2 protein chains.
Amino acid sequence: MSVRVVVADDQRVVRDGLVTLLKLLPGIDVVAAASDGAEAVQLVAEHRPDVLLVDLRMPNVDGVEATRQVRTEYPQTEVVVLTTYSDDESVLSALRAGARGFLTKDADAEAIGRAIQAAADGQSILDADVQRRLIEGAVAAPKAVDSGLTPREVDVLRLIAEGLSNTEIARRLVVSEATVKTHINHLFAKANLRDRAQAVAYAYRLGLA
Amino acid sequence: MSVRVVVADDQRVVRDGLVTLLKLLPGIDVVAAASDGAEAVQLVAEHRPDVLLVDLRMPNVDGVEATRQVRTEYPQTEVVVLTTYSDDESVLSALRAGARGFLTKDADAEAIGRAIQAAADGQSILDADVQRRLIEGAVAAPKAVDSGLTPREVDVLRLIAEGLSNTEIARRLVVSEATVKTHINHLFAKANLRDRAQAVAYAYRLGLA
DNA sequence: CCTGATCTCAACCCCAGGGTTGAGGCTTGG
DNA sequence: CCAAGCCTCAACCCTGGGGTTGAGATCAGG
């Protein structure tokens, strides 16, 4: 039985190219084509395809949002994302939103067909580059960026990120609370933070917690 | 031109099964079969195949180590890993070592063939489960474990994690500051938090930020 | 040896944030 | 239809957090 596919891309050339290309592949039926994200979701609702092949950058509703909607509302439809640049910011977002596959636009017909078949089967095909970045992200995590903070300020920041109060931090570092406040004021100024909530976020982004 | 494959699995049944199964697939040539990791590496050296299909658990040299050796010494040979359990500890290790694809042993013939073709092509096919875990690891996926927070409370928590003040949150959500404070009090009680600093840490741990 | 950076501390002010109580409107499901 | 949960808002209190100023002690480096 053939895999039923909806294609979504705002560029007519790409869209039509994909449709004709996919029609030549055995085992794949293109049932509809959308020119933006909103239309894509609507066509998925209408046709309930096995796979949605969607571009990341589109007007109205972008690929990430379309993916999220499709995956939550029509979970039997798998999503394969197609993009021009594999280093696009939104690649990870798309994967998190539930995209099954990931292709760059220089993929050939077999590669695209394979990704669609795989997605319909519950497997996941990733562009090599994307996979590499995923693995790096998953394994090699923190690079503890420095930010001109003194060691002591970093200590304090870490404890703030653990949710400790000033008195608790003072006890922990065996200094007075006044000292803690001083350090905090300094690091707030350096890092341009307003309060400890922002400091916690900052610490997490720095990889300190 | 056919993809040349070396198979490696210590269990004779599995190994022979794979070989006969792969021989039935068009576009795939099995050129050799190894019964442990050391032999696998040796056969790769000898035949320089396009793809090595290797089991994770094997005597002498395990799948991870075999992958690493093959990828460093014979980089033109891609590696597809086959394992019984997708939650195996060494899955990530294998991927880090350079494995291109990842299959569980309940994959059917087409799935295996697809993975091999994809690997030979520079793509990467992952078992659905493995992909999910990769993404979670890489981007702290939103694990729907919301600990009983209401949607609105989650909204507020997210904004707290962005470092916004109550008045800013109120503006952003188009409600009064009193409402924001109510939500905050509720979520603090539910999640056992003392102040917004702890809330930020909590949000990050939940993957909301 | 002086300078600058860091760490330490104190006293003060002010207010955003957090706790509490109470209450009205809105869906939803039994 | 009523109960329950959620979202909304108000008024009050009070503490901890954050801003500011100022200052002594130590230490590395020019």
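Letters go in sequence order (proteins before strands), and every chain restarts at 1. Computed from a predicted structure; not experimentally measured.
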Could you check how far NE2 of A:H183 sits from C1' of D:dG18, rounded to whole Å?
-> 16 Å
Take B:E153 and B:D195, find for each the nucleotide of DNA chain D with the closest heavy atom, and name the residue whose nucleotide sits nearer the 5' end.
-> B:E153
When rounded to the nearest 0.5 angstrom, what is the spacing between CD1 in B:I160 and CD in B:E153?
-> 10.5 Å
In the 5' to 3' direction, the nucleotides of DNA chain C bounding the stretch that comes under 4.0 Å of a heavy atom in chain B are C:dG17 to C:dT20
In short, salt bridge (charged side-chain N to carboxylate O under 4.0 Å, His left out) pairs touching residues 71-85 of chain B with sequence neighbours left out are B:R71-B:E78, B:E78-B:R100
What is the distance, rounded to the nearest whole Å, between atom CZ of B:R196 and atom P of D:dG18?
-> 10 Å
Residues at least two apart in sequence or cross-chain that pass salt bridge (Lys or Arg N to Asp or Glu O under 4.0 Å) with A:E168, listed by chain then number, are B:R194
Partner residues of A:D16 under the salt bridge (Lys or Arg N to Asp or Glu O under 4.0 Å) criterion, sequence neighbours left out | A:R12
Residue list, side chain to side chain donor-acceptor pair (under 3.5 Å) with B:R196, at least two apart or on another chain = B:N166
Run the salt-bridge test on A:D121 and B:R114 with the 4.0 Å N-O cut-off and return the result as yes or no.
-> yes
Residues at least two apart in sequence or cross-chain that pass side-chain contact (heavy atoms from CB on, under 4.5 Å) with B:A8, listed by chain then number, are B:A34, B:A40, B:L52, B:V54, B:M58
Distance check: side-chain N/O of A:R194 vs OP1/OP2 of D:dG18, anything under 4.0 Å?
-> no
Check each residue of residues 160-179 of chain A for a non-hydrogen atom within less than 4.0 Å of any atom in DNA chain C, then write out the ones that pass by number, or none.
-> A:V175, A:S176, A:A178, A:T179
Could you please spell out the steps behind the side chain to side chain contact (heavy atoms under 4.5 Å, CB included) verdict for B:T182 and B:H186?
-> CA-CA 6 Å; B:T182 304; B:H186 287 164; 3.5 Å; yes
Go through the structure and list residues passing side chain to side chain donor-acceptor pair (under 3.5 Å) with A:E46, not counting sequence neighbours.
-> A:Q42
Please indicate whether B:N192 has more than 12 foreign heavy atoms, meaning atoms of other residues, nucleotides or ligands, lying under 6.0 Å from its CG.
-> no
Whole angstrom value for the distance that separates P of D:dC7 from CG of B:L157 | 13 Å
Which residues share a side chain to side chain donor-acceptor pair (under 3.5 Å) with B:E65, sequence neighbours left out | B:R68, B:Q69
Rounded to the Å, how far apart are A:L193 CG and D:dG17 P?
-> 16 Å
To the nearest Å, how far apart are B:L187 CG and D:dC6 P?
-> 13 Å
NA contact type, B:H186, heavy-atom cut-off 4.0 Å: base, sugar-phosphate, or nothing?
-> nothing
Identify each atom pair where a protein N or O and an N or O of nucleotides 22-24 of chain D are less than 3.5 Å apart, giving names and distance.
none

Side chain proximity check, A:L53 to A:L18, heavy atoms < 4.5 angstrom = yes
Please round to 10 degrees the angle between the axis of the first five pairs and the axis of the last five pairs in the helix from C:dC1-D:dG30 to C:dG30-D:dC1.
-> 50°
For B:Q117, what residues pass the side chain to side chain donor-acceptor pair (under 3.5 Å) criterion, not counting sequence neighbours?
-> none
